[in-house]
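I have placed the structure first, in the form of structure tokens, so that the comments after it can refer back to it.
Whatever order the structure lists ligands and atoms in, that order sets their numbers, starting from 1.
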Amino acid sequence: MHATKVYHIIYIEKNPYRGSTMSYISDVIDQTAAKNKSQPQFMQTVTEVFTSIEPAVKQNEEQLKKFCVLERMVEPDRQIMFRVPWMDDKGQFHVNRGFRVQFNNAIGPYKGGLRFHKSVDLDTMKFLAFEQTFKNSLTSLPMGGAKGGSDFDPTGKSDAEIMRFCQSFMMELYRHIGPDLDVPAGDIGVGGREIGFLFGQYKKIAGHFNNGVLTGKGLSYGGSLIRPEATGYGATYFLIEVLKHQGESLKGKTFCISGFGNVAWGAAKKISELGGKVLTISGPDGFVYDADGVSGEKVDYLLEMRASNRNRAQDYAEKFGCEFFAGKKPWGNVKADVYMPCATQNEVDLEDAKAMVKLGVPVLNEVSNMPTTNEAIAYLQQHGVLVAPSKAVNAGGVATSGLEMTQNSERLQWTAEEVDGKLRNIMSNIHSKIVETLDAYALPYNLVAGANLAGFKKVADAMIEQGVY
Ligand code: 2IT
């Protein structure tokens, strides 16, 4: 049978509302699966979010149905796909595919990162933009949901090649973005260097210095202090709130982190600063076990690894004389108090979840977007593992992008202390909002359900109040 048909049938069969009283949710999941036959990642997040929102839908079913809120929520406002031709250092031409999915602007201008990775396709972009809509809602800042990027692979590329690629990408993207329209930022494969090249080209095309059009900028042209650190710092601040709720603290705890990019870097920096110990980092080649903990100059070395475009974790093991486990993930191989996936989607599957339970790891703090499969989340929760969902945990990145936009509008630059303090407050407020939402629906401390419910409610209210468009 053709693979696309398989996905379609799998998602309809797996529909958790099959045969339940919640036929509205069930129908929309079925219709969405039927219309998006080769988009398993998008269906994964739609199913995950919609599985959590039953209490909110029950309370307001008539209105939500009348205004087609769920039907409109799963259909992006627009999906832009374009050709990105570029020239390598030998003078050879290449063509990649560029994307921007503007999913939902009910509560603010479209906002979300750009991902440059060979795995990027429309399915990836749609799942990320859908997740972004609810995450941005949770931050309490006025930002809608979007995502973009390209299947361009930065591995092994020179700075000049990256620059030419970014310039070509912006030749098309510029007409779709603006400070009140859509504000892209970084994601996997897009950091300060790429944002600089993208902004330079935007400015040249637009003919004015409008730096509110992108976030994650360098400090010399309107970037915000703490934005590079914000995703990892925010994830740590959110975890502190979770631990506090359990009557515990971060100090003295051990961590397994995956990835070695911007997010893993920020998390390792903050965790080591606060007295936690990061035992692992990883890359596509395998994971590193550092018994002494990733801290100090070893944290800074992660930045060099990223800038080298080698995409190789073994470099760390070689430089600092640590053990390297080729082709393996840390999950199930190293015991720790907290697992923090910081690499990419679906990096924790059912097998990993089983190994985690067997090892007795009590907390999964999801940092990368949708790092855990739905089956794995269900297994972990059934076996008493506390799962903090990425929509809440990694929201500090985009929240600090929101703070960068505010500074650009004010034409001011805040101090690191000011931005960090606001980030801490935002993360603590997200946790409080989740707890309040769960209390309002008389639900137990299930952070996955609470985050989805809270994120959904604000977007749904705005969509209803603005009429059907
Ligand atoms: O997934 C994410 O939230 C990001 N990549 C950051 C998006 C942003 O606009 O800062």
Close approach, G186 and ligand 1, non-hydrogen under 4.0 angstrom
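Yes, G186 has a heavy atom closer than 4.0 Å to ligand 1.
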If the cut-off is 4.0 Å to any non-hydrogen atom of [X], which atoms of ligand 1 fall inside it?
X    : value
N369 : 1 (O)
S401 : 8 (C), 9 (O), 10 (O)
K147 : 1 (O), 2 (C), 4 (C), 5 (N)

Please say whether A185 places an N or O atom under 3.5 Å from an N or O atom belonging to ligand 1.
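N/O-N/O distance under 3.5 Å: no.
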Evaluate K111 for polar contact with ligand 1, using N/O atom pairs at a separation under 3.5 Å.
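Yes, there is a polar N/O contact under 3.5 Å.
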Quick test: of every protein heavy atom, which one is nearest to atom 7 (C) of ligand 1, and how far off is it to 0.1 Å?
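That would be G113 N, 3.5 Å.
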Taking atom 6 (C) of ligand 1 as the point of reference, which of R115, R227, K135 owns the nearest heavy atom?
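Among R115, R227, K135, the closest heavy atom to atom 6 (C) of ligand 1 comes from R227.
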Anything under 30° is parallel, anything over 60° is perpendicular, the rest tilted; go ahead and classify [X] against [Y].
X    : Y    : answer
H208 : Y202 : tilted
F116 : F165 : perpendicular
Y221 : F199 : parallel

If I compare all heavy atoms of Y445 with all of V242, which pair ends up nearest, and what's the gap?
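The pair with the smallest heavy-atom distance is OH-CA, 3.7 Å.
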Of the side chain and backbone of E131, name the one, both, or neither that has a heavy atom under 4.0 Å from an atom of ligand 1.
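Neither part.
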Any idea which part of T231 is under 4.0 Å from ligand 1, heavy-atom wise: side chain, backbone, both or neither?
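It is neither part, as no heavy atom is under 4.0 Å.
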For S150, which of F169, F82, W86 qualifies under side-chain contact (heavy atoms from CB on, under 4.5 Å)?
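Among the candidates, only F169 passes.
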For K298, does the NZ atom sit with more than 12 other heavy atoms under 6.0 Å from it, leaving out its own atoms?
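Buried by this count: over 12 neighbours within 6.0 Å.
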Intermediate values then yes/no, salt bridge (Lys or Arg N to Asp or Glu O under 4.0 Å), E172 and R175
CA-CA 6 Å; E172 175 60 35; R175 70 185 83 242; 3.3 Å; yes
